[in-house]
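Structure first, then comments.
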Amino acid sequence: MIVPMSRVYVVAKKSDQGRLLKELGNMGLLHVEAVNPSKAVPDEAALQDLSDLDRAIGFLATITAHKDFKEVDQEPMETAREVIRTTAALRDGQSRLKELYREARQLRLWGDVRIEDLNALGNAGMEVRFFAVPGEQMNEWGAECVETVASLSDDRRVVAVVNRKGEMNIPKRAEPIPIPPRDRPSILAEAAQIDGQIREDSQKLSLLATQAERLKKEREIRAANMAQEITRRSGLLTEALFAIQGWMPSETTKKAASTLKGRQIPAAIRAREAKEGESPPTLIHYPTWTRPIKALFDLLGTVPGYREMDLSPVFMIALPMFAAMLIGDAGYGFLLVLAGVLFYGKIAQIAGREKAQLLTVFGLATLVWGVLTANYFGISPETLARAGGFVTASHDGASRVDYQGLWSGTGFYARSAQFMRMVAPLWRADPEVYRFLIIKVSLVMGCLHLMVAHFQRFLGLFPD
């Protein structure tokens with residue numbers, strides 16, 4: 001049911017501002033409308049703190065907490081920022097480590113040669129140059145020292161050449177290989193250092209993950225404080241008075257003045273019904289038997305407008321029936337019910353009570369429909385008839401199920417099929433007939449939907 005709402009205006013003493021907002025919140029003041037929307041915004045610092053907490057909580061959700069809980073002697077915000085800093089450093093380190101390993105793979109040709117050793121030889125007057133040369137031209141070198149240091153896949157050799165005499169003879173197809181700016185040992189040394197830092201950062205995050213619940217509580221507190229601050233800034237503040245406007249359930253407005261008076265908060269209250277063209281917030285009070293359908297509406301983000309109709313009763317009846325017809329198997333319905341009952345606590349804790357209840361309702365509806373249509377894990381009377389040999393050959397050579405013999409049989413398969421049929425008034429031997437039965441049921445439900453919608457519309461317009 002969509003709760004009727006009234007627009008309320010409340011004025012109290014400036015000194016009672018905090019207590020007034022608290023009591024109005026307890027009474028169900030909804031959708032406070034700011035007198036000056038430009039002022040009804042939180043501080044940038046508060047928004048940044050909330051964003052940092054959200055980021056830190058999201059990061060820690062992917063981290064396995066250390067098995068030993070340790071109390072961290074620092075403020076929750078500092079813990080959140082440390083999580084952000086450590087996560088950023090960890091990701092930068094992992095990215096840099098991948099880059100270093102890529103560079104090291106590209107320098108496998110150089111082995112463990114160090115740049116500083118080559119520079120020392122050059123300073124001593126023995127400059128070492130490197131070339132890639134085809135194997136058949138190895139005897140064309142004219143230099144003081146030519147040494148093969150590696151072989152390439154295309155039958156070329158990598159040679160180190162030293163020539164202190166000045167001119168030397170270089171084969172025509174020899175290609176010079178420049179000395180890399182960094183050598184492989186220094187790259188691997190840096191990679192080892194970064195790998196150690198990554199391990200330290202991972203260990204730190206594992207310890208910080210033990211504070212995840214503490215950060216969540218801090219986030220709830222700060223979010224509530226921010227909402228309260230926005231509400232406070234939405235009002236009108238003078239030297240002596242504080243005024244606020246918004247929407248409240250009409251039933252609550254009737255006793256709001258007496259409630260505030262009983263709390264020793266003198267206030268002036270004016271309430272009026274919503275005018276044409278205004279858009280009050282929608283508050284729905286679900287009847288107890290329709291509360292499970294709230295899970296679907298929350299999942300879809302579906303909220304009716306204030307002047308629209310609450311469709312939860314219709315959905316609560318129709319949706320489980322359509323789900324049952326789609327699944328159409330008592331065995332699977334039983335499994336859904338079993339899961340809903342055995343894991344109700346865990347499902348309710350993770351997803352909410354309504355989702356856990358809706359799962360059980362779907363299971364019960366599927367179980368009942370499967371029994372009425374004689375289908376258990378895909379086993380039907382026809383399945384049992386074929387398993388029991390109640391099959392006859394027709395004149396065209398095709399096999400036909402002998403239901404007459406099945407219903408009068410005395411074996412296990414016959415008895416089982418007879419019991420299934422006894423509790424399944426909707427079972428049909430002909431699949432085509434069953435298909436039309438589904439169409440008829442769906443058509444009737446669709447017609448009932450239209451009738452209910454028109455009737456609700458009629459009640460809304462009556463007595464116009």
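- Nearest approach of P320 to V361, heavy atoms of both residues: CG-CG1, 3.8 Å.
- How far OG1 of T87 is from NZ of K204: 10.5 Å, rounded to the nearest 0.5 Å.
- Checked against side-chain hydrogen bond (donor to acceptor under 3.5 Å, both in side chains), E175 has the following partners two or more places apart in sequence or in another chain: R156.
- Contact between W110 and P178 at its shortest, heavy atoms only, is CZ2-O, 3.5 Å.
- For the 3.5 Å distance criterion, the side chains of S38 and N36 qualify, holding a donor opposite an acceptor.
- Between the side chain of S186 and the main chain of D183, a donor-acceptor pair closer than 3.5 Å is present.
- For the pair Y376/V371, a side-chain contact is recorded, criterion being any heavy-atom separation below 4.5 Å from C-beta on.
- Using a 4.0 Å cut-off between charged side-chain N and carboxylate O, E23 and R19 make no salt bridge.
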> How far apart are the C-alpha atoms of R114 and L118, what are their side-chain angles, what is the distance that settles it, and do they pass the side chain to side chain contact (heavy atoms under 4.5 Å, CB included) test?
Replying inline: CA-CA 7 Å; R114 295 181 178 273; L118 296 177; over 6 Å; no
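- Atom CD of Q349 sits in a sparse spot, with 12 or fewer heavy atoms from other residues, nucleotides or ligands closer than 6.0 Å.
- Using a 4.5 Å heavy-atom threshold, the side chains of L336 and L359 count as touching.
- In summary, E33 and R7 engage in a salt bridge, as defined by a charged side-chain N under 4.0 Å from a carboxylate O.
- A donor-acceptor contact shorter than 3.5 Å is absent between the side chain of N169 and the backbone of W141.
- The residues E432 and R435 are annotated as salt-bridged, a charged nitrogen and a carboxylate oxygen being separated by less than 4.0 angstrom.
- Here the side chains of R291 and R353 are not in contact, with every heavy-atom distance at 4.5 Å or above.
- Within the 3.5 Å criterion, the main-chain N or O of H66 finds a donor-acceptor partner in the side chain of S206.
- With N375 contributing its side chain and S380 its backbone, the two residues share no donor-acceptor pair below 3.5 Å.
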>> Determine whether R214 and E218 satisfy the following criterion, salt bridge (Lys or Arg N to Asp or Glu O under 4.0 Å), listing intermediate values before the conclusion.
In response: CA-CA 6 Å; R214 187 181 177 206; E218 180 70 15; over 6 Å; no
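- Taking the side chain as every heavy atom from C-beta outward, P287 and M1 never approach each other to under 4.5 Å.
- Once rounded to the nearest 0.5 Å, the distance linking CD1 of I244 with CG of L24 reads 6.5 Å.
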>> For I177 and F131: C-alpha separation, side-chain torsions, deciding distance, then whether side chain to side chain contact (heavy atoms under 4.5 Å, CB included) applies.
In response: CA-CA 5 Å; I177 301 177; F131 295 87; 5.7 Å; no
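- The shortest distance between side-chain heavy atoms of V149 and V159 does not fall below 4.5 Å.
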>> As a quick check of understanding, evaluate side chain to side chain contact (heavy atoms under 4.5 Å, CB included) for I194 and L100, giving each step before the final call.
In response: CA-CA 10 Å; I194 293 178; L100 290 173; 3.6 Å; yes
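- Between Q74 and E82, the closest side-chain pair of non-hydrogen atoms falls below 4.5 Å.
- Judged purely by distance below 3.5 Å, without hydrogens or angles, the side chains of D92 and S95 never pair a donor atom with an acceptor atom.
- With T290 contributing its side chain and Y286 its backbone, the two residues share no donor-acceptor pair below 3.5 Å.
- In the model, T79 has no side-chain atom that pairs as donor or acceptor with a side-chain atom of Q211 under 3.5 Å.
- Aromatic pair W427/Y434: centroids not less than 6.0 angstrom apart.
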>> Working note: R184 + E103, criterion salt bridge (Lys or Arg N to Asp or Glu O under 4.0 Å); need CA distance, chi angles, decisive distance, verdict.
In response: CA-CA 8 Å; R184 192 165 178 268; E103 293 180 11; over 6 Å; no
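- In this structure a side-chain-to-backbone donor-acceptor pair under 3.5 Å is present from S234 to I230.
- A donor-acceptor pair under 3.5 Å is absent between the side-chain atoms of Q137 and the main chain of P134, judged by distance alone.
- No option in R222, R55, R219 other than R222 meets the salt bridge (Lys or Arg N to Asp or Glu O under 4.0 Å) test with D49.
- For D329 (side chain) and G378 (main-chain N/O), a donor-acceptor pair under 3.5 Å exists by modelled atom type.
- Note: Q197 CD to D201 CG = 4.5 Å, rounded to the nearest 0.5 Å.
- Considering every non-hydrogen atom in both P280 and R307, the closest pair reads CD-NH1, 4.0 Å.
- Between E78 and R85, at least one side-chain N (NZ, or NE/NH1/NH2) sits under 4.0 Å from a carboxylate O, which counts as a salt bridge.
- In summary, the side chains of N225 and E229 do not present any donor paired with an acceptor at a separation below 3.5 Å, with no hydrogens or angles considered.
- Taken to the nearest 0.5 Å, the CG atom of L335 stands 11.0 Å off from the OG1 atom of T366.
- The residues E136 and R173 are annotated as salt-bridged, a charged nitrogen and a carboxylate oxygen being separated by less than 4.0 angstrom.
- Considering every non-hydrogen atom in both M325 and I438, the closest pair reads CE-CG2, 3.6 Å.
- Residues V83 and F59 share a closest heavy-atom pair of CG1-CB, 4.1 Å.
- Remark: side-chain polar atoms of D310 are paired, donor with acceptor, to backbone N or O of S312 under 3.5 angstrom.
- Residues T302 and L311 fail the side-chain proximity criterion, which asks for heavy atoms closer than 4.5 Å.
- Of all heavy-atom pairs between I379 and M420, the closest is O-CE, 3.5 Å.
- Judged purely by atom type and a 3.5 angstrom limit, D16 has no side-chain atom pairing as donor or acceptor with the backbone of A12.
- Using the six-membered ring where Trp is involved, F322 and H449 have ring planes that are perpendicular, over 60° apart on the 30 and 60° scheme.
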>> Does R232 form a side chain to side chain contact (heavy atoms under 4.5 Å, CB included) with L21? I'd like the steps, not just the answer.
In response: CA-CA 8 Å; R232 185 187 68 79; L21 292 176; 4.0 Å; yes
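- With salt bridges taken as basic N to acidic carboxylate O contacts below 4.0 Å, none links K217 and E220.
- Contact annotation: the side chain of P176 never approaches that of F130 to less than 4.5 Å [non-hydrogen atoms, C-beta and beyond].
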